[in-house]
There are 2 protein chains.
Amino acid sequence: MSQSIEQPADGTPGRTPARAVPTSADVARLAGVSRATVSYVLNNTSAVRISEPTRERVREAARELGYVPHAAARTLRAGHSRMVLLPAAHVPIGPLYSRFFNDLQWALRRLDYTVVQYGSVGLAPEAAARAWAELRPAAVVSTGEVEVTPEAVEILRRSGVKAVITIGTRDADGTHSLVLDQPGVGAAAVEHLIATGRRRIGVVVPEEPGLGMFSGPRLEGARRAAGAAGATVVPLPLAYTEESAEELAARWPGLALDGVFAYNDEYAMLLMRALQDAGTDVPGETAVVGADDLLLGRLLRPRLSTVRIDMIGGHELAELVDRAIDGTAGGATRRLLSGSRVIRRESS
Amino acid sequence: MSQSIEQPADGTPGRTPARAVPTSADVARLAGVSRATVSYVLNNTSAVRISEPTRERVREAARELGYVPHAAARTLRAGHSRMVLLPAAHVPIGPLYSRFFNDLQWALRRLDYTVVQYGSVGLAPEAAARAWAELRPAAVVSTGEVEVTPEAVEILRRSGVKAVITIGTRDADGTHSLVLDQPGVGAAAVEHLIATGRRRIGVVVPEEPGLGMFSGPRLEGARRAAGAAGATVVPLPLAYTEESAEELAARWPGLALDGVFAYNDEYAMLLMRALQDAGTDVPGETAVVGADDLLLGRLLRPRLSTVRIDMIGGHELAELVDRAIDGTAGGATRRLLSGSRVIRRESS
DNA sequence: TTGAAAGCGCTACCAG
DNA sequence: CTGGTAGCGCTTTCAA
C-alpha cells in the first residue's frame with residue numbers, strides 16, 4: 001500500500017506498533033475520494049448528492065480503519081460545540097436527583113447534545129467557570145453545587161457559552177433560573193405540624209458542609225410559618241452520625257419540643273431512631289417530618305411523614321436547554337418551583 | 001481601537017451585542033506582542049525567557065478581555081488531551097462509591113487531568129466506545145455500568161486512548177482491570193451464616209436491570225460456599241418496592257429459610273421490614289446479612305450485619321491512571337480486590 | 001527576547 | 001456529482 005512509504009513516527013515503539021489514529025484523510029485515501037466527500041458521506045450532508053456506490057466505499061473504508069471523528073477538530077471548525085456541561089454534584093442528593101439526572105441526560109442526548117458532567121469539587125466559582133469555559137460548551141446546567149456568581153456567568157458568556165441554566169435556591173442573574181422554593185419546604189412542614197397541634201418545633205440543620213444552601217432557606221421558611229401562627233422554632237444542628245444524633249436525643253427532654261422537621265428523610269431516620277432509643281415516643285411526644293419521600297420512610301415504624309418536593313422533569317428541562325441555546329428562550333428567565341406538599345403518614 | 005474596523009458579524013444581533021469570544025490573537029494585539037509570546041507567557045513555558053514587563057502586559061490584556069484558552073484547539077494542536085473520561089453510572093451505588101468517585105476526581109485533578117463523566121445510559125458497548133472516542137480522552141476509567149467488550153477496547157485504542165481501566169466483576173482484556181471479588185462477597189456472607197448455624201440460605205437477586213453484573217457473581221459465590229459446607233442456597237428475586245418485599249415475606253414460611261443474604265443493606269432493610277411485619281423473627285427464625293456497611297444498617301433494629309467490601313482508594317487509582325497513560329504501568333494488568341469481611345451486628 | 005509560520009483534523013464554500 | 005482549499009485557535013520550531 002502507498003501509505004507504507006510515509007510510515008509515521010511511532011508514538012510507542014516498545015510494544016504493539018499502535019498505528020497512528022486514522023483521520024478522515026486516511027479514509028479518503030483508502031476509498032479513493034477526497035476528504036470533502038468523506039465528510040459529506042459520514043455526515044449525511046443533504047445539500048450535496050453523492051452516488052450510492054461512492055457512499056458505500058467511504059463507509060466501508062471508515063469501518064475498516066476504525067475511523068472515529070475527532071470532536072475537538074469538529075468543534076474548532078464549527079465554531080461551537082454541542083456539549084452540555086453539568087457541574088457534577090459532590091453530594092449525592094438521593095434517588096430524586098439521580099432519577100432527574102438520568103432523564104435529563106437521556107432527553108438531551110435525544111436532542112443530539114453531548115452531555116458531560118464536570119467534577120468541580122472544591123473549586124472557587126470563578127475558577128470553576130474558567131475550567132468549564134475551556135471546553136466551550138453550548139450550555140452549562142448548574143444544579144447548585146457550585147455557586148454561579150455574576151462573574152462566573154460573565155466568564156462563560158464571554159467564552160461563547162450560549163446558555164446558563166441554574167437550578168438552585170435563588171436566581172442567578174443573566175441565567176435561566178429555576179428556583180426551588182426551599183423556604184416553602186420548611187414552611188410546608190411547619191404548617192403541617194402546627195395544623196396537627198404542635199407549638200414548639202425543632203428544625204434540623206445539617207452540619208455537613210455544602211448543605212447550607214438548602215438548610216438555611218428551609219429554616220427561614222420554617223421560621224416564617226411559625227411566626228405567622230405564633231409558634232416557636234428551635235434550630236437543631238445535627239451531623240449525619242449516630243453520635244451526634246444520640247447526643248441530641250439525650251437533651252431532648254430539656255428542649256421540650258413537640259414537633260421536628262428533620263431536613264430530609266435520611267436525617268429524619270437518624271433522629272427518629274435516636275429518639276426512640278432514648279425513650280421518646282414518636283409521634284406521641286414529638287412528631288417527626290422528613291422530606292424527599294424516599295422509600296426508606298415507608299419502611300420505618302412509625303412510617304415517616306415527609307415533604308414531597310416539586311421538581312422539574314428532566315425532559316422539560318432538556319427542552320428549556322435546547323431553546324436557550326438556540327436563543328428561542330430569551331435572555332434570562334426565572335421560574336419558581338413551588339409545589340411542595342406534605343405526605344402525612346404515621347410519624348406526625 | 002483598530003479592532004473596530006473588522007467588526008465581526010454578530011451571532012445574536014437581537015440583544016446584548018455579545019462580542020466575539022476573544023482568542024490568543026486578540027490578547028496579542030491588545031498587549032502589542034505576537035501570539036507566540038502570549039502562548040509562552042500564559043503557559044509559563046520555561047524553555048523561553050520573556051521579560052517581566054512583557055509578561056505583565058500579556059497577563060493584563062488576557063484579564064481585561066476575559067480570555068479563556070480553547071481546549072479543543074489545544075488538544076488538536078497537541079495531538080492528545082489530558083482528559084480522563086468516566087462513563088457515568090446510571091445506578092447510584094451508594095455512599096461507598098460516591099466517596100470513591102470524589103477522591104478519584106480530586107486526585108486526578110491534582111495530577112492536572114480534566115475529569116469528565118460521560119452519561120452512557122442505554123448505549124450499546126461499541127456505540128458508547130465510539131462516543132467516548134470522539135472526545136479523544138487520554139484514558140477511560142470504567143466502573144462497570146457499561147460493559148467494556150474487546151471491540152470497545154479496540155475502538156478506543158485505535159482512537160489514541162492511551163489507557164483503559166476497568167473496575168468490575170471480571171477482567172476485560174487489553175485493559176488494566178481491577179476485579180472486585182463479587183463471588184467473595186456472597187461467599188463471605190454465606191460462610192458467616194453457616195458458621196452461625198444456618199443451613200437453608202436465601203440469596204436476594206435484585207430484579208432491577210443493571211445490577212445483574214453484581215448480583216450474578218454474588219449468587220455464584222454464595223452457592224460455592226454453601227456447596228462446600230453441604231448447605232442449600234435459594235435465589236430470591238426481589239424488586240426494590242414494598243409490594244415485592246411483602247409478596248416475598250408472605251411466602252417466607254413455605255420457603256423454610258433460616259438465613260438470607262440480601263444483596264446489600266438497602267435490600268436488606270426492605271426485606272427485613274417486610275419479614276418483621278409478617279411476623280417473622282429476625283434473627284430468631286431467619287438471620288439477615290446485607291452488604292456495603294451503610295450507616296442505615298446501624299439504625300435498624302436489630303442492627304444489620306453486613307459485608308464490608310474491599311475497595312481501591314481514589315488516590316491509588318488516580319496514580320494507576322497516570323502511570324497507565326504515560327506507559328509506565330505496562331500494557332495490561334489485573335488486580336483482584338478481595339478483602340470482603342462480615343461485620344456482625346444483631347441481625348445474624 | 002520576540003516574531004513568522006506551519007499544521008493538528010475537520011467542514012463548507014466554490015469550481016469544475 | 002466530486003475535489004481543492006481556506007481557516008477555526010493553538011503551540012512550537014526556526015529565524016531574526
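Hydrogens, waters and symmetry mates are skipped; everything else that's a heavy atom, side chains included, is used.
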Set of residues satisfying side-chain contact (heavy atoms from CB on, under 4.5 Å) with respect to A:Ser34, sequence neighbours excluded: A:Ala36, A:Thr37
Sequence neighbours excluded, which residues qualify as side-chain contact (heavy atoms from CB on, under 4.5 Å) partners of A:Val161? A:Pro137, A:Val140, A:Leu156, A:Val164
Suppose we screen for side-chain hydrogen bond (donor to acceptor under 3.5 Å, both in side chains). Which residues come up paired with B:Asp112, at least two apart in sequence or across chains? none
Given axes from five pairs at either end, by how many degrees does the helix from C:dT1-D:dA16 to C:dG16-D:dC1 bend, rounded to 10°? 40°
Indicate every side-chain donor-acceptor pair of residues 71-78 of chain B with a distance under 3.5 Å to a residue at least two apart or in another chain.
residue: B:Thr75; atom: OG1; partner: B:Ala71; partner atom: O; Å: 3.0

Which part of the nucleic acid, if any, lies within contact of B:Thr75, taking any heavy atom under 4.0 Å across all strands shown: a base, the sugar-phosphate backbone alone, or nothing? nothing
Qualifying residues under side-chain contact (heavy atoms from CB on, under 4.5 Å), relative to B:Val153, sequence neighbours excluded: B:Val148, B:Arg157, B:Thr175
State which residues pass side-chain contact (heavy atoms from CB on, under 4.5 Å) with B:Arg63; sequence neighbours excluded, sorted by chain then number. B:Glu56, B:Arg59, B:Glu60
Results of side-chain hydrogen bond (donor to acceptor under 3.5 Å, both in side chains) for B:Arg110 - residues two or more places apart only: none
I'd like to compare against my own output: the B/S/- annotation of nucleotides 7-16 of chain D with a strict under-4.0 Å heavy-atom distance to protein. BBBBBBB---
Can you list the residues that meet the side-chain hydrogen bond (donor to acceptor under 3.5 Å, both in side chains) rule with B:Glu319, with sequence neighbours excluded? none
Distance in Å, A:Trp132 CH2 paired with A:Leu86 CG, rounded so as to fall on 0.5 Å steps: 10.0 Å
Any residue meeting side-chain hydrogen bond (donor to acceptor under 3.5 Å, both in side chains) with B:His176, in chain and number order, not counting sequence neighbours: B:Thr333
Tell me, please, the opening and closing nucleotides of DNA chain C, 5' to 3', among those with an atom under 4.0 angstrom from a non-hydrogen atom of chain B. C:dT1 to C:dG9
